[in-house]
Amino acid sequence: MASVKPSVPKGMRDFSPAEMVKRNYIFDTIKSVFRKFGYQQIETPTMENSATLMGKYGDEGDRLIFKVLNSGDYLSKAQPEWLGSTNAKLTNHISEKALRYDLTVPFARYVVQHQNDITFPFKRFQVQPVWRADRPQKGRYREFYQCDADVVGSNSLLNEAEFILIYDEALSKLGLTNFTIKINNRKILAGIAEIIGKPELIVDMTVAIDKLDKIGLDGVVNELLTKGFTREDIDRLEPVILLQGANAEKLEKLKTILSASETGLKGIAELETILSYLQSFTLIKATVEVDITLARGLNYYTGAIFEVKTNETVMGSIGGGGRYDDLTGMFGLKGLTGAGISFGADRIYDVLEELKLFPEASNQTTRVLICPFDAAGETYALPLLQQLRTASINAELYPAGAKIKKQLDYANNKNIPYVVVIGSDEVQSGQLTLKNMQTGEQQKLSADNILAVVK
RNA sequence: GUAGGUAUAGCUCAGUUGGUUAGAGCAUCGGUUUGUGGUACCGAGGGUCGUCGGUUCGAGCCCGAUUACUUACCCCA
């Protein structure tokens, strides 16, 4: 067979042992916080039926879904007219499955499919990879992990307040000290579009004002003009998007501006309720900021929306979420409300790496390496090896036959702190040589004493 | 979908206005040291210079195409 240059597909990555230790540290931290707030873990399959996914993320989203080719000789069943039609239609015939694009839609499917077995409100979390056929760039991959927590069947705004507490606790535990949880409400955005008199352009409006801190006011104005807004519309919009002040202050001003919009006022009231819940709790490190320009792309959000940004480094958002009133409606279950949040674990990894926030000890896995000089030493070492493991000490035995130099190199590269050297002297005397790899000190000890020292 | 950048050893990269046998560091293996690592010294293996074509007496270098990777935009975690 011809040798193939080893490589992985675009936007996808291998993870080394050292990286996995750090990744698991992030996942474990987030999961433990989810559990603390009463969320239970589920998993869903890597692939969903295309029909489950398609149409849930907008046209742009559909384009970014990885489709999986049918098995078997699908072309033999092909009809001639398929080839003449659009790409999308042909795809429907030769691909019935697709890789999951996020965790929320599969979760909605799960809830509807298992509704009879679920006690509501149902609080679940899920940590799995998702795939997007996007152009990769910094902080964007084609395969990446999401850590989602969602609750369905409860319209209480306490859930939203708790999401903020979850963000605060998890990110603080990971060592971040300066991050902002931005909060907005889709109803407020709808109210603004209503007041301007262009409710049908709400999506274009939110996409444009979302870019305020990126392209500035002039950029936003230009984009709005190309999307069909007039000068007068923008004049009315400008005071809203430039709103300054403390959260309560912003909401008071908004009440005046949106006084004619019932929807808008409802959105404001919701935010006020969430903020009042938070007054009974103490946040560890997070700053909560009402940000009217926060939009979020997904079109199924209907109430509160969140986005988390770190202020210590340049990085896109590291988390987001919101409330969606009718996600399960797409699968035939009406009237079930839900809300959820997501952590972008891969981006959090990049941030912790950049800020050097990973704990130092996390790159040790094996605690003791036994280095035998010969086969006799190896045999002699076996009972000690088991004793160490029985005592819950991570231990390994370097197979006999290699030079000691090579064995110590191995211990070095794996960051193993203790080495036990066993040669003919040790076998004869029963006094084994224990070497501390950090200090270089050696001492002769019995097997029992070694256990006590390395413990 | 749009616009740039890059492609030379396992990895990170040098390589002069186009000139003879393409280099370094790291990594690997061996040795100095037959029972002791991280430092030092000596040595070895490893490259059809992404691919195809063109210009030229001569191309790693110039030109064209192509593929892959990458950055930014759109969109998004």
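- Considering only residues two or more places apart in sequence or on other chains, A:Q431 meets the side-chain contact (heavy atoms from CB on, under 4.5 Å) condition with A:S429, A:K444, A:S446.
- For A:L217, the side-chain contact (heavy atoms from CB on, under 4.5 Å) test picks out A:L212, A:V221, A:E238, A:I241, A:L242, with sequence neighbours left out.
- What separates CG of A:L408 from P of B:G37 is a distance of 7 Å, to the nearest Å.
- Partners of A:K405 by side-chain contact (heavy atoms from CB on, under 4.5 Å), not counting sequence neighbours, listed by chain and number: A:D409.
- Closest contact between the side chain of A:T433 and the listed nucleotides B:A77, B:U36, B:G37 involves B:U36.
- A:M47 meets the side-chain contact (heavy atoms from CB on, under 4.5 Å) test with A:V68, A:K97, A:L99; sequence neighbours excluded.
- Rounded to a whole angstrom, the distance from the C1' atom of B:C57 to that of B:C69 is 36 Å.
- Nearer to the 5' terminus of RNA chain B, by closest-nucleotide assignment, is the contact made by A:K403 (compared with the other of A:G440 and A:K403).
- Place A:R347 and A:K405 on RNA chain B by their nearest nucleotides, and A:K405 ends up nearer the 5' end.
- Within 4.0 Å of A:Q407, counting heavy atoms only, lies no atom of the nucleic acid at all.
- Taking the six-membered ring for Trp, A:F179 and A:Y167 have ring centres at least 6.0 Å apart.
- When the C1' atom of B:C69 is taken as reference, atom CZ of A:R13 falls 15 Å away, rounded to whole Å.
- Annotation: B:U12 and B:U71 have their P atoms spaced 14 Å apart (nearest Å).
- Listed by chain and number, the residues in a ring pair (Phe, Tyr, Trp, His ring centres under 6.0 Å) with A:F331 amount to none (sequence neighbours excluded).
- Using a 4.5 Å heavy-atom threshold, the side chains of A:V105 and A:L53 count as touching.
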Report all interatomic pairs (protein N or O, nucleotide N or O of nucleotides 70-73 of chain B) with separations under 3.5 Å.
unit_1	atom_1	unit_2	atom_2	d
B:A72	OP2	A:Q137	OE1	3.4
B:A72	OP2	A:K138	N	3.1

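- Atom C1' of B:U55 sits at a distance of 12 Å from the matching atom of B:G18, rounded to the whole Å.
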Query - Pairing string, 5' to 3', for RNA chain B - Watson-Crick or wobble contacts under 3.5 Å, brackets [ ] where pairs cross, | to another strand - result: (((((((..((((.....[...)))).(((((.......))))).....(((((..]....))))))))))))....
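- Residue-level contact check: A:Y141 touches the bases, meaning some heavy atom is under 4.0 Å from a base atom.
- B:G23 and B:G45 are spaced 13 Å apart, taking the P atom of each and rounding to whole Å.
- Within 4.0 Å of A:E426, counting heavy atoms only, lies at least one base atom of the nucleic acid.
- No donor-acceptor pair closer than 3.5 Å links the side chain of A:T180 to the backbone N or O of A:K182.
- Within the nucleic acid shown, A:D425 comes within 4.0 Å of at least one base atom, counting heavy atoms only.
- Among the atoms of the strands shown, none is found under 4.0 Å from any heavy atom of A:V419.
- When heavy atoms are screened at a 4.0 angstrom cut-off, A:D409 is found touching the sugar-phosphate backbone but no base atom.
- When the side chain to side chain donor-acceptor pair (under 3.5 Å) test is applied to A:D374, no partner is found at least two apart in sequence or on another chain.
- Within the structure, the side chain to side chain donor-acceptor pair (under 3.5 Å) test picks out the following pairs touching residues 336-347 of chain A (sequence neighbours left out): A:R13-A:D346, A:R23-A:D346, A:D148-A:S342, A:R323-A:T337, A:D325-A:T337.
- Ring-base stacking between A:F144 and B:A77 is satisfied, the centre separation being under 5.5 Å and the plane angle under 30°.
- Nearest to the side-chain atoms of A:S317 among the listed nucleotides B:U36, B:G37, B:A77 stands B:A77.
- When each of B:U36, B:C75, B:U28 is scored by its nearest atom to the side-chain atoms of A:F373, the top-ranked nucleotide is B:U36.
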